[in-house]
Every structure is written in structure tokens, then in C-alpha cells.
Trainee: 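Handing you this structure, nothing more for now.
Fair warning: this is a prediction, and the values are worked out from it, not measured in the lab. As a basis for the values below, the full set of heavy atoms in this structure was taken, side chains included, without hydrogen atoms, waters or symmetry mates.
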Amino acid sequence: MSEVREKMREDIRRRTLERMDLSEELTDDRIRAEIEEEILAYGREHFLPLEEKLRLKNEIFYGIRGFDILEELLTDPSVTEIMINGPQNIFYEKGGKLYLWEKRFSSEERLRDVIQKMAAVANRVVNEADPIADTRLPDGSRVNIVLPPAALDGPAVTIRKFSRV
């Protein structure tokens with residue numbers, strides 16, 4: 001993802017979060033509507049093709065409500081494992097072969113936010129005092145998380161998905 005596109009996505013995400021009243025319970029539809037409004041406002045200042053607006057809407061929604069850029073891999077039934085070694089190195093297994101994914105987390109902080117969401121699904125806590133956690137996602141996928149100081153090169157996560165057959 002280009003730096004310009006990443007900056008645009010983060011800007012729209014930030015502006016969306018600033019507009020939302022986080023003290024009230026927000027439905028997915030409400031969050032999507034807020035994102036759409038911000039994208040339309042941004043589109044009045046900058047040209048955005050329809051396809052890009054739709055992609056941004058989904059990416060920003062998954063960044064707020066889901067597991068950010070991992071959502072695409074998590075929902076792909078042909079992906080069997082996801083391995084994350086810091087914000088820049090994401091690998092996935094598909095058809096028995098390992099691939100480096102072209103997408104990256106914008107920062108280690110964004111990766112840590114996603115890690116906290118994963119741990120929170122099972123009411124788990126993972127931090128520097130307790131840097132290793134094993135948990136499951138709602139679909140049953142197994143997750144192993146290792147944070148510094150136990151992980152020397154930054155946060156490491158493996159997600160083992162199971163077939164739905």
C-alpha cells in the first residue's frame with residue numbers, strides 16, 4: 001500500500017472516530033454510515049474512484065470493528081495459516097505454500113491494537129508482564145501471541161485456521 005493511500009486511509013479513519021460518540025453503543029450499520037460520510041467529505045476535496053471508496057469503506061470498518069488488514073486473510077477459506085512477524089512481515093499459507101503478503105500494518109501500534117482485540121475475544125490479557133497468550137477467534141481459529149520481551153523482533157502472531165467443511 002502506498003504511503004499516500006495509507007495516510008489517506010488513516011486520516012479518514014481518524015476523522016471518523018472523532019465524529020462518533022463512543023459513549024453510546026454503535027451498530028455496524030451506524031459505523032459504516034459514519035465512515036461513508038467521511039469518505040464522501042474527503043471525496044469532495046480529492047478525486048476518489050467508486051472502487052477506491054468501497055475498498056476504503058471496508059478497510060476502515062475492519063480497522064475499527066474487525067481485525068484490520070488481517071480480515072481479508074481471515075475470511076479467505078483457502079488460507080490455512082497466517083504468520084505475523086512485526087508490522088511489516090505478514091505471511092500466509094495457501095495450498096500448502098507460504099507467501100509474503102503485500103499488505104502491512106501502518107505501525108507497530110496498529111498491530112498491537114489488533115493483538116489486543118484478538119486477546120479480548122477470549123477475555124485474555126497480553127502485555128509485557130504476561131507476553132505470551134494462546135486464544136481462539138470466534139470462528140474457532142487458534143491464535144498464539146508473543147510480545148516483547150519474549151519476542152525479540154517485535155510482536156509475533158500465528159493464526160491457525162480450520163476448514164469449514
Trainee: Using a 4.5 Å cut-off between side-chain heavy atoms of Ile, Leu, Val, Met, Phe, Trp and Tyr, which other residues end up in the same hydrophobic cluster as Leu54?
Mentor: Leu50
Trainee: Going by the rule side-chain contact (heavy atoms from CB on, under 4.5 Å), which residues pair with Glu52 if we only count those two or more places apart in sequence or in a different chain?
Mentor: Arg5, Met8, Leu48, Pro49, Arg55, Leu56
Trainee: Does any pair with a residue in residues 53-85 pass ring pair (Phe, Tyr, Trp, His ring centres under 6.0 Å), and if so which ones, sequence neighbours excluded?
Mentor: none
Trainee: Residues in side-chain contact (heavy atoms from CB on, under 4.5 Å) with Ala41, at least two apart?
Mentor: Arg15, Glu38, Arg44
Trainee: Which atom pairs, donor and acceptor, lie under 3.5 Å between side-chain atoms of residues 113-121 and protein residues at least two apart or in another chain?
Mentor:
residue: Gln116; atom: NE2; partner: Val126; partner atom: O; Å: 2.9
residue: Lys117; atom: NZ; partner: Gly63; partner atom: O; Å: 3.0
residue: Lys117; atom: NZ; partner: Ile64; partner atom: O; Å: 2.9
residue: Lys117; atom: NZ; partner: Gly66; partner atom: O; Å: 3.0

Trainee: Please set out all donor-acceptor pairs under 3.5 angstrom arising from side-chain atoms of residues 128-135, sequence neighbours excluded.
Mentor:
residue: Asp134; atom: OD1; partner: Asn144; partner atom: ND2; Å: 2.5

Trainee: Which other residues end up in the same hydrophobic cluster as Met83, if Ile, Leu, Val, Met, Phe, Trp and Tyr are linked when side-chain heavy atoms come under 4.5 Å apart?
Mentor: Phe91, Leu98, Leu100
Trainee: Can you name the side-chain contact (heavy atoms from CB on, under 4.5 Å) partners of Lys7, sequence neighbours left out?
Mentor: none
Trainee: With sequence neighbours left out, what residues match Arg13 under side chain to side chain donor-acceptor pair (under 3.5 Å)?
Mentor: none
Trainee: If the condition is salt bridge (charged side-chain N to carboxylate O under 4.0 Å, His left out), which residues does Lys53 pass it with, not counting sequence neighbours?
Mentor: none
Trainee: Considering residues at least two apart in sequence or located in another chain, which fulfil the salt bridge (charged side-chain N to carboxylate O under 4.0 Å, His left out) criterion with Arg160?
Mentor: Glu81, Glu93
Trainee: Partners of Arg30 by side-chain contact (heavy atoms from CB on, under 4.5 Å), sequence neighbours excluded?
Mentor: Glu24, Leu26, Thr27, Glu34
